[in-house]
**Q** 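Okay, here's the structure, questions in a sec.
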Amino acid sequence: MRITTQMLNETAKRTGIPVNQTNLMSYINNNGSSNQSTLLDALNKSKNQNVSTENTENYKKLKKEAGSLQDLAEKFAATGTDSFFDKIKESEDHDTLYAGVKDYVKSYNATLSALKKSGGILNEYYSQMMQEAVKQSGKSLEEIGITIGKDGMLSVDEEKLKAASVEDIESVLGASGELSSKIGFLAGRVDDHAQANIDSVSQTYNFSGNQYFPTTSKYDFWG
């Protein structure tokens, strides 16, 4: 499932992610810019140059990883009788639960790594937002065996994970917690941003060209 602009706005309000233009511009300006910039100005400054084949491949990988992370986060945050956690409770298939958690962590790490390799102001912003979302749940994550490294990457203590109950894991990664909603939301934005970069290269336009404007309209929810 891909998120619409209306869904993005509602999710942003529900999860409390500070997705507004002021926060983004403060981040951009504090990142070394001494002038009052617009979002497009910041993008032009960081991206208005030839994009190498290596960068294109980085964005393809970023899109793949972000899309996978969004799918996993949405699966964990789903509710109802067909939801991931309800099925686990019904089947008592704890091995599937543990495997799912490890896949979730692996996908998060892969997305974060791809963001760091891609470079650019927006990628750095999304990287910081993802890490901040995880830090806010750091204590709860640690209680179910997931720890945050100094580099922002997550690791799983399988013994501690298996000692946690399904309800404990659900309270952190399921619908009753906010983490998966936040991560799914951000992963969707990263996916869209990566696609915008891929499209701009394939169409041989740079980020100041007219072909970019229809894509950037997806970011209007910052305002």
Side-chain angles (χ1 to χ4, degrees), residues 1-20 23-24 59-88 96-116 118 122-138 140-141 144 146 148 152-154 156 161 166-198 215 218-222:
M1 180 179 72
R2 289 296 173 263
I3 303 174
T4 65
T5 300
Q6 181 179 359
M7 292 170 66
L8 288 168
N9 289 328
E10 292 301 317
T11 304
K13 293 176 183 178
R14 185 173 67 253
T15 59
I17 294 176
V19 284
N20 57 66
N23 286 327
L24 177 58
Y59 273 109
K60 287 181 179 180
K61 179 174 178 56
L62 177 58
K63 177 175 174 58
K64 176 183 177 182
E65 301 297 353
S68 176
L69 178 59
Q70 183 183 11
D71 290 341
L72 284 168
E74 288 177 351
K75 180 175 77 171
F76 272 67
T79 60
T81 55
D82 289 331
S83 68
F84 176 73
F85 282 102
D86 278 5
K87 286 181 178 180
I88 294 296
T96 295
L97 171 61
Y98 304 143
V101 171
K102 288 188 285 186
D103 285 343
Y104 193 156
V105 167
K106 181 179 179 181
S107 186
Y108 173 90
N109 288 342
T111 302
L112 187 60
S113 177
L115 277 170
K116 292 178 178 180
S118 296
L122 273 179
N123 290 326
E124 184 177 347
Y125 180 77
Y126 287 132
S127 172
Q128 293 296 328
M129 290 295 289
M130 284 177 56
Q131 291 179 74
E132 182 61 29
V134 167
K135 286 179 182 177
Q136 290 174 359
S137 299
S140 297
L141 285 167
I144 61 171
I146 300 174
I148 308 169
M153 298 296 179
L154 303 180
V156 178
L161 175 64
V166 176
E167 289 74 18
D168 288 339
I169 298 172
E170 182 180 18
S171 69
V172 181
L173 299 177
S176 57
E178 294 183 346
L179 181 58
S180 288
S181 293
K182 289 181 178 181
I183 293 300
F185 172 83
L186 290 168
R189 305 315 297 146
V190 172
D191 187 320
D192 287 343
H193 176 54
Q195 185 63 57
N197 280 272
I198 295 168
T215 308
K218 295 179 181 180
Y219 297 98
D220 290 345
F221 74 100
W222 295 110

**Q** Write down the atom of Thr79, the atom of Ser83, and the distance for their closest heavy-atom approach.
**A** C-CB, 3.6 Å
**Q** Which residues satisfy the side-chain contact (heavy atoms from CB on, under 4.5 Å) test with Lys102, sequence neighbours excluded?
**A** Val156, Glu158
**Q** Are Asn109 and Ser113 close enough, and set up right, to give a side chain to side chain contact (heavy atoms under 4.5 Å, CB included), and what steps lead you there?
**A** CA-CA 6 Å; Asn109 288 342; Ser113 177; over 6 Å; no
**Q** Can you list everything that forms a side-chain contact (heavy atoms from CB on, under 4.5 Å) with Ala110? Sequence neighbours excluded, please.
**A** Glu65
**Q** From Ser107 OG over to Asp71 CG, what is the distance, rounded to the nearest 0.5 angstrom?
**A** 8.5 Å
**Q** Is Leu179 close to Leu141 at the side-chain level, that is, under 4.5 Å between some pair of heavy atoms?
**A** yes
**Q** Out of curiosity, Leu186 CG to Met130 CE, how far, rounded to the nearest 0.5 Å?
**A** 7.0 Å
**Q** How about Leu72 and Tyr108: do any of their side-chain heavy atoms sit closer than 4.5 Å?
**A** no
**Q** Which pair of heavy atoms, one from Ala78 and one from Ala175, lies closest together, and at what distance?
**A** O-CB, 4.3 Å
**Q** Using modelled atom types and a 3.5 Å cut-off, is there a donor and acceptor pairing between side-chain atoms of Ser68 and backbone atoms of Lys64?
**A** no
**Q** Once salt bridge (Lys or Arg N to Asp or Glu O under 4.0 Å) is applied, do any residues pair with Lys60, and if so which ones, sequence neighbours excluded?
**A** Glu57
**Q** Checking Ala187 now: which residues fulfil side-chain contact (heavy atoms from CB on, under 4.5 Å) with it, not counting sequence neighbours?
**A** Leu69, Gln70
**Q** Please walk me through it: do Gln136 and Lys182 pass side chain to side chain contact (heavy atoms under 4.5 Å, CB included)?
**A** CA-CA 11 Å; Gln136 290 174 359; Lys182 289 181 178 181; 2.6 Å; yes
**Q** Under the side chain to side chain donor-acceptor pair (under 3.5 Å) test, which residues partner Ser127, sequence neighbours left out?
**A** Gln131
**Q** Would a 4.5 Å heavy-atom cut-off, applied to side chains only, mark Leu115 and Tyr125 as touching?
**A** no
**Q** Could you work out, with side chain to side chain donor-acceptor pair (under 3.5 Å) as the rule, every residue matching Ser140, not counting sequence neighbours?
**A** none
**Q** Is it true that, when you exclude Lys106 itself, more than 12 heavy atoms of the residues, nucleotides or ligands shown sit nearer than 6.0 Å to its NZ?
**A** no
**Q** Kindly determine whether Leu62 and Asn123 satisfy side chain to side chain contact (heavy atoms under 4.5 Å, CB included), including the steps that lead there.
**A** CA-CA 10 Å; Leu62 177 58; Asn123 290 326; 3.9 Å; yes
**Q** Measure up the Tyr126 and His193 rings against each other and bin them: parallel (under 30°), tilted (30 to 60°), perpendicular (over 60°).
**A** tilted
**Q** Which residues pass the side chain to side chain donor-acceptor pair (under 3.5 Å) test with Tyr104, not counting sequence neighbours?
**A** Ser180
**Q** How far apart are the closest heavy atoms of Ile88 and Leu97, and which atoms are they?
**A** CD1-N, 3.8 Å
**Q** So, for Thr111 and Ala66, which heavy atoms are closest and what is the spacing to 0.1 Å?
**A** OG1-N, 3.6 Å
**Q** Test of understanding: with side chain to side chain donor-acceptor pair (under 3.5 Å), list the residues that count as partners of Asp103, not counting sequence neighbours.
**A** none
**Q** Output the distance between atom CE (Met129) and atom CZ (Arg189), rounded to the nearest 0.5 Å.
**A** 12.0 Å
**Q** Assess whether side chain to side chain contact (heavy atoms under 4.5 Å, CB included) is satisfied between Tyr98 and Val101, documenting all intermediate values.
**A** CA-CA 5 Å; Tyr98 304 143; Val101 171; 5.8 Å; no
**Q** Looking at Ser137 and Val134, would you say the former's side chain and the latter's main chain have a donor-acceptor pair under 3.5 Å?
**A** no
**Q** Report the residues that fulfil ring pair (Phe, Tyr, Trp, His ring centres under 6.0 Å) with Phe84, sequence neighbours left out, ordered by chain and then residue number.
**A** Phe76
**Q** List for me each residue that meets side-chain contact (heavy atoms from CB on, under 4.5 Å) alongside Lys87, sequence neighbours excluded, and say none if there are none.
**A** Asp82
